[in-house]
Protein chains: 2
Amino acid sequence: MDKNLKLFDAEYRFACIVWENEPIQSRQLANLCEQKFGWKRSTTYTVLRKLCERGIMKNENSIVSTLVDKKVIHQYESNTVVERTFNGSLPKFITAFLKDKKLSNEEAKKIKDLIDQYKED
Amino acid sequence: MDKNLKLFDAEYRFACIVWENEPIQSRQLANLCEQKFGWKRSTTYTVLRKLCERGIMKNENSIVSTLVDKKVIHQYESNTVVERTFNGSLPKFITAFLKDKKLSNEEAKKIKDLIDQYKED
DNA sequence: AAAACTTGTTTATTGCAATAAACTAAAATC
DNA sequence: GATTTTAGTTTATTGCAATAAACAAGTTTT
């Protein structure tokens with residue numbers, strides 16, 4: 001299936017709730033969304049159904065769970081931003097992000113170690 | 001002034017044209033937008049005026065120019081994404097971005113050198 | 001000075017995300 | 001088996017981004 005991984009704001013916040021609580025009863029999910037977002041029951045169901053139609057979640061016997069990992073959504077999201085706004089360049093993104101910021105030695109080391117993990121063998 | 005630095009998609013694409021061509025006559029700008037986006041003249045003026053009202057551009061004697069550097073918008077944009085979706089963590093963002101990717105030694109070095117530039121003295 | 005053109009504003013129109021009300025059907029309870 | 005509850009769908013409603021048509025006022029051209 002050709003999943004559209006672009007989650008709109010409301011969808012993303014909703015998905016976070018599901019990721020944190022899955023598998024979860026649809027009823028409970030509606031309650032959570034009511035608490036966290038002030039959503040009416042029908043709103044939760046509408047958002048849920050849209051995501052099910054796109055193959056991102058499923059609702060089987062009133063048990064809701066995700067079909068797409070949060071990591072995959074994050075991957076999609078980060079790639080989209082870098083492509084759209086930074087010409088696909090990670091260094092450009094980092095430069096923009098760090099503008100007016102300073103990193104401690106530990107923070108810098110952490111990132112550099114991280115980068116090394118993605119070097120091709 | 002309290003500039004709202006959030007540019008919507010159309011606004012951002014428009015701003016890019018201005019950054020690349022400023023200072024530019026409003027007429028020429030309308031022509032460019034017509035070519036690049038297929039916009040009618042009035043669309044260009046509407047978008048332009050919104051950005052002027054927000055202190056992001058100005059239009060003086062039919063000469064359009066920006067009041068906010070592209071870097072600042074990029075800074076805002078990158079910070080917003082990292083905060084909203086990655087809990088403010090740059091490493092988390094990078095991890096998501098690099099998933100399923102490999103970096104050449106040169107690419108890795110480039111990024112690590114970049115990181116070092118932001119270490120506090 | 002009338003006509004034509006230019007610049008910019010005011011006022012629609014459209015599309016879609018976000019939210020919810022109203023309804024339906026099945027299941028559980030009395 | 002009638003009633004109430006639960007799960008989910010269908011059908012609005014609202015708000016706002018994106019786009020543009022229609023208009024106004026100044027400037028240039030004839």
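Numbers restart at 1 for each chain; the letters A, B, ... are given by sequence-line order, proteins then strands.
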So that I can tick it off, tell me whether Arg54(A) and Glu11(A) are bridged by a salt bridge, with the cut-off set at under 4.0 angstrom between side-chain N and carboxylate O. yes

I need the CG-P distance between Asn31(B) and dT6(C), as an integer number of Å. 10 Å

Please report, rounded to the nearest Å, how far the C1' atom of dA20(C) is from the NZ atom of Lys50(A). 12 Å

Once you round it to whole Å, what is the distance between P of dC16(C) and NZ of Lys6(A)? 15 Å

Is it true that Phe93(B) and Phe93(A) have ring centroids separated by less than 6.0 Å? yes

For the residue pair Asn79(A) and Lys101(B), confirm or rule out a side-chain donor-acceptor distance under 3.5 Å. yes

Can you tell me how the ring of Tyr12(B) sits relative to the ring of His74(B), calling it parallel under 30°, perpendicular over 60° and tilted otherwise? tilted

Between Asp116(B) and Lys112(B) (salt bridge meaning N to carboxylate O under 4.0 Å), is one present in this structure? no

Salt bridge between Glu53(A) and Arg49(A), side-chain N to carboxylate O under 4.0 Å? yes

Side-chain-base donor-acceptor pair under 3.5 Å for Thr46(A) and dA20(C): yes

Are any protein N/O atoms closer than 3.5 Å to N/O atoms in nucleotides 26-29 of chain D? If there are, list each pair with its distance.
none

Whether Arg13(B) and Asp9(B) form a salt bridge (side-chain N of Lys/Arg under 4.0 Å from carboxylate O of Asp/Glu) is what I want to check. no

Would you list the protein and nucleotides 4-8 of chain D atom pairs, both N or O, that sit under 3.5 Å from each other?
unit_1 : atom_1 : unit_2   : atom_2 : d
dA7(D) : OP1    : Arg27(A) : NE     : 3.2
dA7(D) : OP2    : Arg27(A) : NE     : 3.4
dA7(D) : O3'    : Ser62(A) : OG     : 3.1
dA7(D) : N7     : Arg41(A) : NH1    : 3.4
dG8(D) : OP1    : Asn59(A) : ND2    : 3.4
dG8(D) : OP1    : Ser62(A) : OG     : 3.4
dG8(D) : OP2    : Ser26(A) : OG     : 2.6
dG8(D) : OP2    : Tyr45(A) : OH     : 3.2
dG8(D) : N7     : Arg41(A) : NH1    : 3.2
dG8(D) : O6     : Arg41(A) : NH2    : 2.6

Is the shortest heavy-atom distance from the side chain of Ile94(B) to the side chain of Ile111(B) under 4.5 Å? no

With a 4.0 Å heavy-atom cut-off, tell me which residues in residues 76-84 of chain B come close to DNA chain C, sorted by residue number. none

Taking CD from Glu34(B) and C1' from dA20(D), how many angstroms apart are they, rounded to a whole number? 12 Å

Send over the distance from Phe8(A) CZ to dA18(C) C1', rounded to a whole Å. 11 Å

Quick check for you: to the nearest 0.5 Å, what is the distance between Tyr118(B) atom OH and Phe97(A) atom CZ? 11.5 Å

Lys/Arg N to Asp/Glu carboxylate O, Arg84(A) vs Glu77(B), below 4.0 Å: yes

Without decimals, in angstroms, what is the distance between Lys40(B) NZ and dT13(C) P? 18 Å

Side chains of Ser62(A) and Gln25(A): do they bring a donor and an acceptor to under 3.5 Å? no

Check whether any side-chain nitrogen or oxygen of Ser42(A) sits under 4.0 Å from OP1 or OP2 of dA21(C), and answer yes or no. no

Length of the CG-C1' vector between Leu7(B) and dA18(D), whole Å: 15 Å

Rounded to the nearest Å, what distance is computed from the CZ atom of residue Phe14(B) to the C1' atom of nucleotide dT19(D)? 13 Å

